[in-house]
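Written below as structure tokens is the structure these notes are about.
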2 protein chains.
Amino acid sequence: MKADETRRKIVIAADHLFYEQGFENASFADIAQAVEISRGNFYYHFKTKDAVLAAVIEYRLDERKTMLRLWELEEDNPANRIKNFINILIANQTKIMAFGCPVGTLCSELAKLDHALKPEASGLFTLFAEWLEQQFAELGCGDQASDLAMHLLMRSQGVASLANTFQDAEFVRREVEAMYKWLDQQCPPKRPM
Amino acid sequence: MKADETRRKIVIAADHLFYEQGFENASFADIAQAVEISRGNFYYHFKTKDAVLAAVIEYRLDERKTMLRLWELEEDNPANRIKNFINILIANQTKIMAFGCPVGTLCSELAKLDHALKPEASGLFTLFAEWLEQQFAELGCGDQASDLAMHLLMRSQGVASLANTFQDAEFVRREVEAMYKWLDQQCPPKRPM
DNA sequence: GTCTATATGGGGATAGAC
DNA sequence: GTCTATCCCCATATAGAC
């Protein structure tokens, strides 16, 4: 069906525009232009802007879930899986320096708008928090797994925020290095082999 | 002069509204209503919205500078001065959980708007970074002072971001505690007295 | 310095032809 | 399913009376 394809194109374009320009600032006209359809046609696929936002959040959730599954398949050492997470800051450095963290900046914007979909956006953070907690648990961190997960998520957010402000690649590199080091110090393996 | 007073009221109202609703989302009508003047009168004091933003940034800079000076006057131990900084997360906890960090969220929004005043807003971060660097230098951290300042600023941002998302006071308390502990481990005093 | 009235533009959203 | 045309609201901004 053609409608599904157009709808998907809209979601992907909106995903980019909401990230790079912010939800409020990105207009229907911008999205329609990016997808090369008319504004009128737009409303056949989405009745309201909030409906687009809901679809974008769902899309982002799916994408992140797929990524995390992939990491689990490719790497059975939980410490290395966590390193994959930390490494997002390097892999996406250019975009992060330009636009910040896609999850953090969306949550922040929706909080100020007092938007009904804020909890849905927060779900993106919860996804990472729970996944990290699982990895720390597998590392044998027991009770601390949840706190460690939140701590790492916090550092990732802080680095993204200052990377965006100061555009300092060396700072990012240094902090990623520090996170690796911190990770090595958590829950050292009981029986080294 | 009456004009100065009205202007000041406008800046203070805009400061609050830009923080709580975001720069774009807060309208002239909102500010005018808060100050109890007409929208028309507004333009006697500020020609454009960007002019209001510039005034708000300057006002915030002045406020922060005054606060930092006060901390220097009240406390001559640099470690305790740094603790004052960390403690902002507790002192302003309610507002931070509701609206995030006023500096970080403004910088983030202006980055997405590709706004001409983004560098001015970043100056708020620079103020804190340089002040913290000075404190770490006085602590005797030498070469590391700058990196330690950025690291602490990063953690403060990360905590504010997740506090806003998850509204978890216990998380904030835990992370503040961790920052205190981290601080104690940096540049231990050479001659304990 | 403050007001009311108004211009202007953009954004979300709808109606109806094709 | 896609289009053009249009409506309506709200925001920035201006003009001019008081």
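Predicted model, so just to flag it, every value in this text is computed and none were measured. Chain naming here is simple, since letters A, B, ... match the order of the sequence lines and numbering starts at 1 in each. Heavy-atom basis, side chains included; hydrogens, waters and symmetry copies ignored.
Side-chain contact annotation: A/Gln134 with A/Glu138, donor-acceptor N/O pair under 3.5 Å present. Side-chain atoms of B/Asp30 and B/Ser27 include a donor-acceptor pair closer than 3.5 Å. Judged by distance alone, the side chains of A/Asn84 and A/Glu75 never bring a donor and an acceptor atom under 3.5 Å apart.
C/dA13 atom C1' lies 16 Å from atom NE2 of A/His45, rounded to whole Å. For the pair B/Phe46 CZ and C/dG1 C1', the interatomic distance rounds to 15 Å; values are reported in whole Å.
The closest side-chain heavy-atom distance from A/Phe128 to A/Arg64 is below 4.5 Å.
Here the straight-line distance linking atom CG of A/Asn80 with atom CD of A/Gln135 works out to 11.0 Å at 0.5 Å rounding.
For A/Phe23, the ring pair (Phe, Tyr, Trp, His ring centres under 6.0 Å) test picks out A/Phe18, A/His115, with sequence neighbours left out.
Within the helix from C/dG1-D/dC18 to C/dC18-D/dG1, the inter-axis angle between the opening and closing five-pair segments is 10°, rounded to 10°.
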Summary of protein contacts for nucleotides 3-18 of chain D, nucleotide by nucleotide, where a base hit scores B, a sugar-phosphate-only hit scores S (4.0 Å, heavy atoms) | BB------SSBB----
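Separation of the B/Phe46 and B/Phe28 ring centroids does not fall under the 6.0 Å cut-off.
In this structure, B/Tyr44 does not reach the C/dT2 phosphate: none of its side-chain N or O atoms is under 4.0 Å from OP1 or OP2.
Note on B/Lys2 versus B/Glu5: no salt bridge recorded, every NZ/NE/NH1/NH2 to OD/OE distance being 4.0 Å or above.
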